[in-house]
Novice: 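Have a look at this one before I ask anything.
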There are 2 protein chains.
Amino acid sequence: MPITVLLVDDEPLVRAGLRAVLEAQADIEVVGEAADGAAVIPLIRQLRPHVVAMDVRMPLLDGIEATKAVLKTIADPPKILVVTTFENDEYVYQALRAGADGFLLKRARPAEIVHAVRLVAEGETLLFPAAVRSLAAEYGNRQAREALERAALTEREEAVLRLIARGLTNAEIAAELYVGLETVKSHVSAVLAKLGARDRTQAVITAYESGFVTPA
Amino acid sequence: MPITVLLVDDEPLVRAGLRAVLEAQADIEVVGEAADGAAVIPLIRQLRPHVVAMDVRMPLLDGIEATKAVLKTIADPPKILVVTTFENDEYVYQALRAGADGFLLKRARPAEIVHAVRLVAEGETLLFPAAVRSLAAEYGNRQAREALERAALTEREEAVLRLIARGLTNAEIAAELYVGLETVKSHVSAVLAKLGARDRTQAVITAYESGFVTPA
DNA sequence: CGGCGTCTCCCCCGTGCGGGGGAGACGATC
DNA sequence: GATCGTCTCCCCCGCACGGGGGAGACGCCG
């Protein structure tokens with residue numbers, strides 16, 4: 001009994017890409033597509049998919065409203081996997097708050113995309129800590145992974161590390177997170193201490209080596 | 001005799017999408033894929049595609065430099081279709097000036113994507129036909145040569161980048177390579193300039209994202 | 001209630017970093 | 001022979017970075 005998936009994205013190219021990646025798996029079947037959130041509800045009623053892969057940014061009805069609508073109107077709703085282009089997308093957080101079960105970056109590698117679909121299908125929530133750790137378990141080397149687990153970064157520190165790993169300066173991180181520069185410096189220092197990194201450069205290396213962030 | 005296409009994009013998802021869309025056509029065949037511009041030239045030599053669908057924004061060697069490099073080094077070069085996410089992308093204009101034959105939005109409909117590939121394969125230029133040709137003719141070889149020289153790391157610079165990507169400071173790199181600190185600083189500056197990185201942190205990110213170094 | 005952790009912000013301070021110049025030595029190329 | 005690129009080394013300079021210390025606000029939990 002395969003995992004059935006409904007794709008919801010306004011870009012046909014992305015739908016085709018997700019379809020190609022997912023259909024390559026024996027246990028996953030793409031049962032339908034929709035170009036915007038407005039078409040989702042009847043399609044779910046008709047197809048009863050296990051998982052809905054839903055873009056956050058769509059015309060007419062975006063992923064957040066669509067997620068709310070689905071959870072409100074569908075009894076025994078499917079798992080909702082939010083798809084996004086940008087890592088630190090405020091819409092993603094809104095969608096997760098609205099009840100989505102996980103999020104997925106468009107630039108993720110095929111193996112990660114498949115992994116994400118399987119996880120949410122099993123009832124796991126693919127949020128930050130769990131998702132990252134399991135991916136780290138799958139891809140990362142042991143020492144780096146253990147270093148991360150020993151570290152147990154706080155939510156805020158994870159956010160800061162992610163921005164460090166995108167090449168931002170402390171000032172830019174402060175602007176991104178709407179906090180002061182001194183606050184960022186505090187978080188950065190905590191991250192470096194927990195990772196055993198001497199500077200932000202080594203922190204980025206650890207982030208990659210542990211699978212906390214992954215190359216495209 | 002089908003139109004043969006080489007896909008160059010750092011996102012596997014986009015490659016899969018383009019492949020799905022194009023392979024659905026009887027007269028179009030995707031003969032290869034590459035994740036960044038650095039791998040393009042040997043692949044073109046090997047596969048001799050009619051059309052290269054090339055992302056503008058890529059790590060290490062972006063679409064602009066890659067386009068210049070292809071037109072400079074390949075005799076009887078393929079048509080180059082620049083692929084982009086954003087409509088008003090300054091990089092697109094740079095790529096067209098570099099000699100690309102057309103551009104394509106990632107959010108285009110499948111029919112448009114197919115249309116674009118067929119057009120450039122026939123020798124038509126997509127958007128600004130005259131402008132593209134004249135600009136390509138005007139800038140042609142000179143800029144291409146300069147660009148290549150600007151883009152490719154020297155042996156020493158590669159060694160320095162590898163050490164940067166292992167978390168070493170300039171002083172440590174100097175000790176490792178048995179040279180002076182000032183020498184290392186010169187190489188580091190050259191690496192940053194060529195990679196378009198603001199600091200060593202961004203250089204490490206580029207090193208990972210481009211596959212120059214890979215997680216364990 | 002009182003502790004504890006997290007997040008926020010502030011001070012001082014040393015220094016590694018990166019940009020801006022330039023310059024000599026060597027080999028390859030023309 | 002002259003030119004070019006690479007590798008080497010040097011100067012000055014501004015500043016982002018990271019360590020050291022501390023502190024107030026909030027929520028959680030025993």
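As the structure is a computational prediction, the values presented were derived from the model and not from experiment. Numbers restart at 1 for each chain; the letters A, B, ... are given by sequence-line order, proteins then strands.
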Novice: What residues form a side chain to side chain donor-acceptor pair (under 3.5 Å) with B:S186, not counting sequence neighbours?
Specialist: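 Side chain to side chain donor-acceptor pair (under 3.5 Å) list for B:S186, sorted by chain: empty.
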Novice: Given atom CD1 of B:I173 and atom P of D:dT8, what is their separation to the nearest angstrom?
Specialist: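 So the CD1-P distance, B:I173 to D:dT8, works out to 13 Å.
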Novice: Taking only residues two or more places apart in sequence, or in another chain, which ones meet A:E65 in a side chain to side chain donor-acceptor pair (under 3.5 Å)?
Specialist: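 A:E65: no side chain to side chain donor-acceptor pair (under 3.5 Å) contacts found.
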Novice: The criterion is side chain to side chain contact (heavy atoms under 4.5 Å, CB included); which residues satisfy it with B:K185, sequence neighbours excluded?
Specialist: B:N170, B:L181, B:E182
Novice: Rounded to the nearest 0.5 Å, what's the gap from NZ on A:K68 to CD1 on A:I80? Could you check?
Specialist: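 Going from the NZ atom of A:K68 to the CD1 atom of A:I80 covers 12.5 Å.
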Novice: Suppose we screen for side chain to side chain contact (heavy atoms under 4.5 Å, CB included). Which residues come up paired with A:T73, at least two apart in sequence or across chains?
Specialist: A:I41, A:R45
Novice: What residues, two or more places apart in sequence or in another chain, satisfy side chain to side chain donor-acceptor pair (under 3.5 Å) together with B:D199?
Specialist: none
Novice: In whole Å, I'd like the distance from the NE2 atom of B:H187 to the C1' atom of C:dC17.
Specialist: 17 Å
Novice: Can you tell me how far C1' of C:dC17 sits from CD of A:Q202, to the nearest Å?
Specialist: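 After rounding, the gap between these two atoms is 15 Å.
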Novice: Please report, rounded to the nearest Å, how far the P atom of C:dC26 is from the CZ atom of B:R156.
Specialist: 16 Å
Novice: In whole angstroms, how far is the P atom of C:dT8 from the OH atom of A:Y178?
Specialist: 14 Å
Novice: Given atom CD of B:E155 and atom P of C:dG27, what is their separation to the nearest angstrom?
Specialist: 16 Å
Novice: Tell me the interatomic distance from B:E158, atom CD, to D:dT6, atom P, rounded to whole angstroms.
Specialist: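 The answer, rounded to whole Å, is 12 Å.
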Novice: Once each nucleotide of nucleotides 16-25 of chain D is scored for protein heavy atoms under 4.0 Å, what B/S/- sequence comes out, 5' to 3'?
Specialist: -SBB------
Novice: Under 4.0 Å from OP1 or OP2 of D:dC7: is there any side-chain N or O of B:T183 that close?
Specialist: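 False: B:T183 side-chain N/O out of range (4.0 Å or more) of D:dC7 OP1/OP2.
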Novice: Using C1' atoms of five pairs at each end, report the bend of the helix from C:dC1-D:dG30 to C:dC30-D:dG1 rounded to 10 degrees.
Specialist: 40°
Novice: Output all residues satisfying side chain to side chain contact (heavy atoms under 4.5 Å, CB included) with A:A203, sequence neighbours left out; order by chain, then residue number.
Specialist: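 For A:A203, the residues satisfying side chain to side chain contact (heavy atoms under 4.5 Å, CB included) (neighbours in sequence not counted) are A:L161, A:L192, A:L195, A:A197.
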Novice: Using the side chain to side chain donor-acceptor pair (under 3.5 Å) criterion, which residues pair with B:R162? Sequence neighbours excluded.
Specialist: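 B:R162 satisfies side chain to side chain donor-acceptor pair (under 3.5 Å) with B:E158 once adjacent residues are dropped.
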Novice: For A:L168, is there any backbone N or O sitting under 3.5 Å from a side-chain donor or acceptor partner on A:R200?
Specialist: yes
